[in-house]
Amino acid sequence: MDYLARKYLRPRKIPSTACSGCGLGINHKAVVQAIYELGLEVEDVVWGTSIGCAGRQTFGTWKGDGFAGTHGRVYAIARGLRLALPPEKKIILTVGDGDAFGIGLLHLIHAARCNADLTVIVNDNLGYMSTGGQYGWTTPYGSKTDSSPYGMFEQNLMSEGMDVLNILRYAGATFLARHVSMDGYRVVESIKKGIQNRGFSLIHIIYPCPTNFGSRELGTRSPLKIYKWIESKAAPLGEEKEETLWATGIYYDASNSRPEFSETIRKNIERIRRSTAA
Amino acid sequence: MKRYLETGNFAITEGAILAGCRFFAGYPITPATEIAEAMSRRLPQVGGIYLQGEDECAALHLCIGASLGGYKAMTATSGPGYILYADPYGWAIGCEIPLVILNSGRVGPVSGITGAPGQGEFYLTRYPTQGGNYETIVLAPNSAQEAMAITVEAFYLSERFRTPVTVLADQLITDGFEDISVPENEDEMKDMGFRIWPRKINRGPNFYPPTDEIDIPPVVLGHNTGALCSDWTPTEEGYDIEEVEAHHKHAHRLIYKIRNHRELFSHLHEKKFMDDDPDLIVVSYGTPSRVVNTAVARARQEGLKVGALRLINLWPFPDEHFQKRNKYLVVELNWDGQLVREVQRAAGKDSEVHFTGCCGELPTVNDLIEIFEKILKGQPLARKGWQLEEW
Ligand SMILES: Cc1ncc(C[n+]2csc(CCOP(=O)(O)OP(=O)(O)O)c2C)c(N)n1
Ligand code: SF4
């Protein structure tokens, strides 16, 4: 990350304290790379995070302003902040799957509903991993975790043909993409598109957690094993195979097609202010 | 000055706007709905923003986001919504974010009776979130006019202390119609004792200094100050840290920035017939105090030497009023007795502390006078159906 780190990140937080072999750093780097390629400066971005591995490992890394919300609430905080910041300031959120799709789903849906200009990067390690490895709402069917010792058998947001991105699409999101961390440059491209959309964007990135998910489901902490396992279950959209769990790529792109939340509010307030002042 | 026959909800809304509030996020609930409605009407007229949250937890988080972006922000609710603030309230205390929160008490627990006044959140406002290691500021008006002044004061204190301030009202104050004067310019505001503290921006690099000082500007994001705020224990710069020593400094600040500046609250009380060392001091806050004041005045005419102490500043608790050995009667709008516990603690063993509570309705003047007489004669407070209980 050298040149990127020097330009955008705080030395105090680099390297992170994530477990060795953790895939989170790949996602983190993809976000910073996307920011760089869009020509954005430190002052152009306010960076918010959730808690958990996804939140704690990325909080305070950005050289500019940053915040970490309580579990699941960062979408509501960011929506309030969106109204206070000038429209050209980007708000980027790096969060966990439990945070976004579990405890925070209501707030996430409402952020999509009003098309708030936020770029949400959901770092999905397939469950609640900083608490030791419990199943979440995207954990693949049959997976063993500390709270699904007989294999995950409850319906979730990614089972039986369900897809959490469908919920967000019909809630009003204007840019949605899904990747696995190993997608390399394709991840960066999707994040760039997400940031450029003046509206609600979410990029869902499955990444390897060797320490908890890998050790329970695959019986090993070998990073190589879980990297290969995730890769084998991902395929680009349109090229899915029987074993594919994650079709990757841009899932839905309606960038800049709907009025953005803060713009709508500002415009209407201006209209009311003028008409009532007269 | 403009006069209105209006509700406390109206007065609170106008007070907030005078104090510079330009962001309100709410969620409908009796008896605070009309504040949200009034805000939705009034704020856009002054360039402010009204939003409805998906729930109260979201509403307060929306306010937090707006305050972090530089707005003076407020929300309003009643008990069932106030309990959903537990999560954001704690975050705002920890990150030292100025906010004003209005709680109009109704009868609980849970939804209880929606259209009757209650005082069930005396302790909840002191401990609105988990974890401990903080002090809270809570103010309780007893009229619509005072609710306006107290709302202005709440904004003032929230900025100086960088913390959420709860205004604890009740259904009669927010819903009741009263004669209300609204100041129209700065001079009139000054005449009415309204104090305004502007939002300032902390430029860092030490956003969380380990001192009990007040008047340190809060974190405002978006100005590239490098500000950080999170739900974890902060270093002085705002980095998350898992060290007990750092937490000691943080907790010390959260408690003592408030406890060590009690002089800012000391005027927030009202005394009636208290100059001649009364034999019985009747303690209350909010709407019941208006009945208490009438009852005490009548009792004086009947030769009973009673006085009335009304608390406006509930937290940090004003122990100083209870230093003298005396007989106290605490009158509350609940049956379990909440304020009375605090009075008993502050007054100490040598004092005699009695309690009478009502549930969903106010006490009557006659009932109160009867209780004064009994206490002064040293008689036990006889049970009277469900209405009056000795605590
Ligand atoms: C309200 C609340 N509930 C539970 C927790 C405990 N907790 C801390 S981290 C975490 C896991 C979050 O999972 P996820 O968002 O998927 O992030 P990950 O750790 O997997 O990156 C939980 C549940 C909390 N901090 N707050
Ligand atoms: S527990 Fe898993 S996700 Fe969290 S830092 Fe370790 S490897 Fe990464």
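Protein chains get the first letters and strands the later ones, always in sequence-line order, with residue 1 at the start of each.
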Counting only heavy atoms closer than 4.5 Å, note whether A:I51 contacts chain B via side chain, backbone, both or neither. both
Would A:K13 and B:D240 count as a side-chain contact (heavy atoms from CB on, under 4.5 Å) here? Give the steps. CA-CA 10 Å; A:K13 297 281 282 195; B:D240 53 309; 2.7 Å; yes
Rounded to the nearest 0.5 Å, what separates atom CZ in B:R42 from atom CD1 in A:I272? 13.0 Å
For A:L106, which atoms come within 4.5 Å of any heavy atom of chain B: side chain, backbone, both, or neither? both
Pick from A:G55, A:G80, A:G48: which one has the most heavy-atom pairs with chain B under 4.5 Å? A:G80
Between B:A66 and A:A84, what is the shortest heavy-atom contact and its length? O-CB, 3.9 Å
Max heavy-atom pair count under 4.5 Å with chain A, selected residue of B:G238, B:A25, B:G48: B:G48
Pair A:I77, B:W91 - check side-chain contact (heavy atoms from CB on, under 4.5 Å), show working. CA-CA 11 Å; A:I77 296 171; B:W91 202 72; 3.9 Å; yes
Out of curiosity, B:Y50 OH to A:N268 CG, how far, rounded to the nearest 0.5 Å? 15.0 Å
Do B:F23 and A:L83 have side chains that approach each other closer than 4.5 Å (heavy atoms only, starting at C-beta)? yes
Chain B heavy atoms under 4.5 Å from A:V45: which part of the residue, side chain, backbone, both or neither? neither
For A:K267, does the NZ atom have more than 12 heavy-atom neighbours from other residues, nucleotides or ligands under 6.0 Å away? no
Donor-acceptor contact below 3.5 Å, side chain A:D65 vs main chain B:L221: no
May I ask you to test the B:H61-A:H107 pair for a side-chain heavy-atom distance under 4.5 Å? no
Got a salt bridge between A:R73 and B:D231, using NZ or NE/NH1/NH2 to carboxylate O under 4.0 Å? no
Any chance the side chains of A:T70 and B:D87 put a donor and an acceptor closer than 3.5 Å? yes
Is any side-chain heavy atom of A:R82 closer than 4.5 Å to one of B:L62? no
Can you tell which part of B:L51 gets under 4.5 Å to a heavy atom of chain A, answering side chain, backbone, both or neither? side chain
Quick check on B:V46 against chain A: is it the side chain, the backbone, both or neither that has a heavy atom closer than 4.5 Å? backbone
For A:S50, is it the side chain, the backbone, both, or neither that has a heavy atom closer than 4.5 Å to a heavy atom of chain B? backbone
Using non-hydrogen atoms and a 4.5 Å limit, figure out which bit of A:R12 sits close to chain B: side chain, backbone, both or neither. side chain
Would you check if A:W62 and B:L228 make a side-chain contact, meaning some heavy-atom pair closer than 4.5 Å? no
With a 4.5 angstrom heavy-atom cut-off, which part of A:I265 approaches chain B: side chain, backbone, both or neither? side chain
When the 4.5 angstrom heavy-atom criterion is applied to A:K63 and chain B, the contacting part is backbone
Counting only heavy atoms not in B:E186, do more than 12 fall under 6.0 Å of its CD? no
If you count every heavy atom of other residues, nucleotides or ligands that lies below 6.0 Å from B:E245 atom CD, does the total exceed 12? no
Can you tell me how far the CZ atom of A:F59 sits from the OG atom of B:S230, to the nearest 0.5 Å? 4.0 Å
Straight-line distance of B:N224 CG to A:E41 CD, nearest 0.5 Å: 10.0 Å
Under 6.0 Å from the six-membered ring centre of B:W232 and within 45° of its axis: does the NZ or CZ of A:R56 meet both? yes
Any A:R10 side-chain heavy atom under 4.5 Å of B:E237 side chain: no
